[in-house]
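Below you'll find the structure, written out as structure tokens, and then a few comments.
Indexing begins at 1, ligand by ligand and atom by atom, following the structure's order.
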Amino acid sequence: METTLVLLKPDCVQRNLMGEVISRFEKKGLTIRGMKMLRLDDSLITEHYGFLADKPFFPSLVEYMKSSPIVAMAISWANVVKTVRTMSGATNPVEAQPGTIRGDYALSIDGNIMHASDSEETAKEELERFFEKNEIFEYERLDSKVL
Ligand code: UDP
Ligand code: MG
């Protein structure tokens, strides 16, 4: 069982789209194993997006990520990292296909609704960054036998 990190970014929270996005993961059949609201600070954002620190848009990315609480989710299933990236759509919503989360709900790269880990290795690091071990739950879903 693979687990990935999803962040519902400030624009998702502010535009009342949390339920819409969470619902997509539920309807797909993925298992939500952890979920919490938190407000990011400079150090957590810099750790998470450090690889972008030299980009001209980095200061505005930091301000955006701090502008509102976000929701962090730990989501599991076989191949979930790739599955959730596919559901998310391209980084730039202008290029994201209709039917993807960014394709359906976002208009600009400055507010692209969600983050999803981009590899199994990144997912492990990112889950440790956002969740304590006891905040990610092992449980069997009633519907797991029919999926
Ligand atoms: N970003 C931005 N402008 C850019 C590229 C990226 O504001 O030109 C932001 C955007 O919020 C994006 C995040 O930086 O989601 C991380 O970039 P990455 O390339 O990792 O894209 P993602 O994995 O989110 O699709
Ligand atoms: Mg990324």
Side-chain angles (χ1 to χ4, degrees), residues 1-138 141 147:
M1 185 71 71
E2 196 174 290
T3 306
T4 195
L5 175 83
V6 165
L7 302 178
L8 307 183
K9 291 178 171 180
D11 54 325
C12 182
V13 175
Q14 293 295 322
R15 291 174 56 207
N16 302 318
L17 290 169
M18 289 181 284
E20 297 281 342
V21 177
I22 292 166
S23 175
R24 288 187 176 220
F25 299 130
E26 289 187 297
K27 287 175 184 162
K28 179 78 170 171
L30 305 174
T31 300
I32 298 169
R33 291 179 53 211
M35 183 157 65
K36 63 179 174 183
M37 185 173 264
L38 68 161
R39 193 185 269 275
L40 303 183
D41 59 16
D42 286 320
S43 85
L44 197 53
I45 298 168
T46 303
E47 210 185 310
H48 186 65
Y49 281 141
F51 65 100
L52 297 171
D54 60 347
K55 301 282 186 202
F57 59 81
F58 187 70
S60 60
L61 175 61
V62 173
E63 286 315 305
Y64 158 59
M65 292 301 292
K66 282 201 299 192
S67 65
S68 148
I70 61 146
V71 173
M73 304 176 70
I75 303 180
S76 294
W77 204 259
N79 303 311
V80 74
V81 170
K82 186 134 192 250
T83 301
V84 170
R85 289 287 292 188
T86 302
M87 291 174 74
S88 164
T91 305
N92 187 345
V94 171
E95 287 155 14
Q97 294 294 311
T100 64
I101 292 164
R102 286 166 169 169
D104 286 352
Y105 299 126
L107 283 168
S108 112
I109 200 164
D110 302 325
N112 61 2
I113 301 281
M114 62 171 286
H115 164 82
S117 307
D118 61 10
S119 71
E120 280 184 72
E121 201 186 353
T122 316
K124 283 202 183 74
E125 279 171 30
E126 293 183 343
L127 286 161
E128 277 176 26
R129 182 173 301 143
F130 285 92
F131 286 96
E132 302 293 334
K133 276 209 164 61
N134 65 4
E135 293 175 323
I136 297 183
F137 298 87
E138 293 284 352
R141 272 169 39 209
L147 289 175

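Among protein heavy atoms, atom 17 (O) of ligand 1 sits closest to Leu52 CD1, 3.7 Å. Of the protein's non-hydrogen atoms, the one nearest atom 20 (O) of ligand 1 is Phe51 CZ, 3.5 Å. The protein heavy-atom contact nearest to atom 1 (N) of ligand 1 is Phe57 CE1, 3.4 Å.
Neither the backbone nor the side chain of Asp118 comes within contact range of ligand 1; no heavy atom lies under 4.0 Å. Neither the backbone nor the side chain of Phe58 comes within 4.0 Å of ligand 1, counting heavy atoms alone. Looking at Arg85 against ligand 1, only its side chain comes within 4.0 Å, counting heavy atoms.
The main-chain N or O of Lys82 is found under 3.5 Å from a side-chain atom of Thr86 such that the two form a donor-acceptor pair. The backbone N or O of Leu30 lies less than 3.5 Å from a partner atom in the side chain of Arg141, making a donor-acceptor pair.
Residues Lys66 and Asp42 are paired through a salt bridge, judged by an N-O separation under 4.0 Å between the basic side chain and the carboxylate.
Between Ile70 and Pro10, some side-chain heavy-atom pair lies under the 4.5 Å cut-off.
Taking CG from Leu40 and OG1 from Thr46, the interatomic distance works out to 10.5 Å, rounded to the nearest 0.5 Å. Annotation: the span from Asp110 atom CG to Lys9 atom NZ amounts to 10.0 Å, rounded to 0.5 Å.
Considering backbone and side-chain N/O atoms, Lys9 comes within less than 3.5 Å of an N/O atom of ligand 1. Residue Asn112 places at least one N or O, backbone or side chain, under 3.5 Å from an N or O of ligand 1.
A donor atom on one side chain and an acceptor atom on the other are found under 3.5 Å apart for Asp11 and Tyr64.
Heavy atoms of Arg102 come nearer than 4.0 angstrom to ligand 1 in at least one pair.
When the heavy atoms of Leu7, Leu61, Thr91 are ranked by distance to atom 9 (C) of ligand 1, first place goes to Leu61.
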